[in-house]
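Heads up, the thing below is written out as structure tokens.
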Number of protein chains: 2
Amino acid sequence: MPHLLIVDDEQDMIDLVTMYMENAGYTVSSALNGEEAETKLKEDRPDLILLDLMMPGRDGFAVGESIRSYSDVPIIFLTARGEEWDKVRAFSLGGDDYIVKPFSPGEMTARIQAVLRRFGRVEEKKEMIRYQTLAIDVHSRTVRVEGSGVQLTMKEFDLLVLLAKKRGRIFSREELLEAVWGAEYRGGTRTVDTHIKTLRMKLKNEGASIETVWGIGYKFVDGAV
Amino acid sequence: MPHLLIVDDEQDMIDLVTMYMENAGYTVSSALNGEEAETKLKEDRPDLILLDLMMPGRDGFAVGESIRSYSDVPIIFLTARGEEWDKVRAFSLGGDDYIVKPFSPGEMTARIQAVLRRFGRVEEKKEMIRYQTLAIDVHSRTVRVEGSGVQLTMKEFDLLVLLAKKRGRIFSREELLEAVWGAEYRGGTRTVDTHIKTLRMKLKNEGASIETVWGIGYKFVDGAV
DNA sequence: AAATAAGTGTGAAAATTTTTCAAAAAAACG
DNA sequence: CGTTTTTTTGAAAAATTTTCACACTTATTT
């Protein structure tokens, strides 16, 4: 899970952003000024820095320049509209980013994720598969449809993930059996049908996303809807 | 190959963008207003939506919000400079994008590619066969005519692919039977005729592309003629 | 040019195949 | 053991494929 360092001279802002970010699943350090920021950078080795531009003493831009001289940790500047716009923009060309206050939690996490991805620092914290109201968390093996959790058995879950991961691809029953049940399975292919049936039923409206390809097998519908 | 949905109240703009995009190798549906857009979204399952911001009735932003409530299809807003800038920006944080009119074909295709890549919609090696408004995805076994999906049975699909892959080549009924039905088929050749009939019907206007070669068999018209 | 023969289009029904569904049996798990 | 999950099974339902009869078109022969 990525770790963030928040640098701002206002404790209130730090608290707010910390709350936002911990809620989004990040761990957070903070610093009230440039010196403390550089110390924490060395100690906590954050994956990304959120750096306020307007600070007494060395301003955010100076701190950023200093950090850049020895570290390539990505920086997102927090700035009020109209503040030192050009300098931030110039800096951001290096691959960093900036967020204009006031900002929403959603905006902030989106920007952070984008920057982390760009910097290759995000070791996919969650492997999620989404389609309409269907959300599959591959690692925790949980599924939600229309916001509410759905209880799937192991075979059902594996089947769903296999199909949903490769939308549009058609799987024959034999392929599904080999992938989910294993090569040494020796039973009828009708077993697949039964599991598809229960899956469709449990997925309620989204069950229609699993389509029968007549004479061939099954597929999870392609397309963005 | 990705499929696009263009939403704009001006037919001229739709025609222009359609020409651009078909030239770039995309297939295109269009809608003149929000309602039509959402219908087409469900029917044609585009990979990306190009959505004009300035429309009478529900404006593009409202349409986008509505779509976002149930679909995560990427949206690119088309906007004139100065129009509702902030709203578009806010929306774009979700991973969508916007293009400011007037735009060049190059800019538009670049943006589309970027968004599709970001959304992981840039498919791996899709084998597509195209002819006029007919688009065949060989692997997912889906067919579109004039932008809307067409449901084919297995034999119909195999027949179509065989013919369309070798445009201009004439296949006898015996050849078609052997290739699609298999060598061990023992039935009348009139079966082919029946399937050709349903194919032509399902392909609507493009059905005329399958021509009868009197006394010999069938062929898919050659584009060069 | 008319008559004839052969080939093709079409709609409906029959035959066939495949899938779905529900319920029971078997297996796995604690 | 009792419970949950998985598999098997057979009949119903759905979809596809094939056949067939007749109308129509094209080519050939008279």
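FYI, side chains are in, hydrogens and waters are out, and symmetry mates aren't considered; it's all heavy atoms of this structure. A, B, ... follow the sequence lines: proteins, then strands. Residue 1 opens every chain.
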Task: Atom-pair distance (CD1 on B:I170; C1' on C:dG7), nearest Å - done: 15 Å

Open item on the list: By the 4.0 Å heavy-atom rule, please label A:K155 as base, sugar-phosphate, or nothing.
Closed with: sugar-phosphate

Open item on the list: Strictly distance-based, threshold 3.5 Å: is any side-chain N or O of A:K219 a donor or acceptor partner for the main-chain N or O of A:L163?
Closed with: no

Open item on the list: Measuring to OP1 and OP2 of C:dC21, would you say a side-chain N or O of A:R200 lies under 4.0 angstrom away?
Closed with: no

Task: Listed nucleotide nearest any side-chain atom of B:Y185, set D:dT5, C:dT8, D:dT19 - done: D:dT19

Open item on the list: Could you tell me how far apart B:L159 (CG) and D:dT18 (C1') are, to the nearest whole angstrom?
Closed with: 14 Å

TODO: Provide, to the nearest angstrom, the distance between the CD1 atom belonging to A:I216 and the P atom belonging to C:dT18.
DONE: 11 Å

Open item on the list: Any base atoms under 4.0 Å from B:V192, or only sugar-phosphate, or nothing? Heavy atoms, all strands.
Closed with: nothing

Task: Side-chain N or O of B:T194 closer than 4.0 Å to phosphate OP1/OP2 of C:dG9 - done: no

Task: Side chain B:S148, main chain B:R144, donor-acceptor under 3.5 Å - done: no

Open item on the list: So that I can tick it off, tell me whether B:E38 and B:R58 are bridged by a salt bridge, with the cut-off set at under 4.0 angstrom between side-chain N and carboxylate O.
Closed with: yes

- [ ] For B:R190 and D:dC24, give me the distance from atom CZ to atom P, rounded to whole Å.
- [x] 15 Å

Task: Interatomic distance, A:K197 NZ vs D:dT6 C1' [rounded to whole Å] - done: 12 Å

Task: Phosphate contact (D:dT7 OP1 or OP2) by A:H195 side-chain N/O below 4.0 Å - done: yes

- [ ] Rounded off to whole Å, could you give me the CG-to-P distance for the B:D193 and D:dC20 pair?
- [x] 14 Å

TODO: Give a yes/no on whether any side-chain N or O of A:T191 is located under 4.0 angstrom from OP1 or OP2 of D:dT6.
DONE: no

Task: Separation between CD1 of B:I210 and NE2 of B:H195, rounded to the nearest 0.5 Å - done: 12.0 Å

Task: Touch class at under 4.0 angstrom, heavy-atom based, for B:Y218 against every strand present - done: sugar-phosphate

TODO: Return no unless some side-chain N or O of B:W181 is found under 4.0 Å from OP1 or OP2 of D:dT18.
DONE: yes

Task: Euclidean distance, atom CE of residue B:M154 to atom P of C:dT16 [Å, nearest integer] - done: 17 Å

Task: Electrostatic pair B:K197-B:E156, nearest N-O below 4.0 angstrom - done: no

TODO: Can you tell me the distance, in whole Å, between the CD atom of B:Q151 and the C1' atom of D:dA15?
DONE: 11 Å

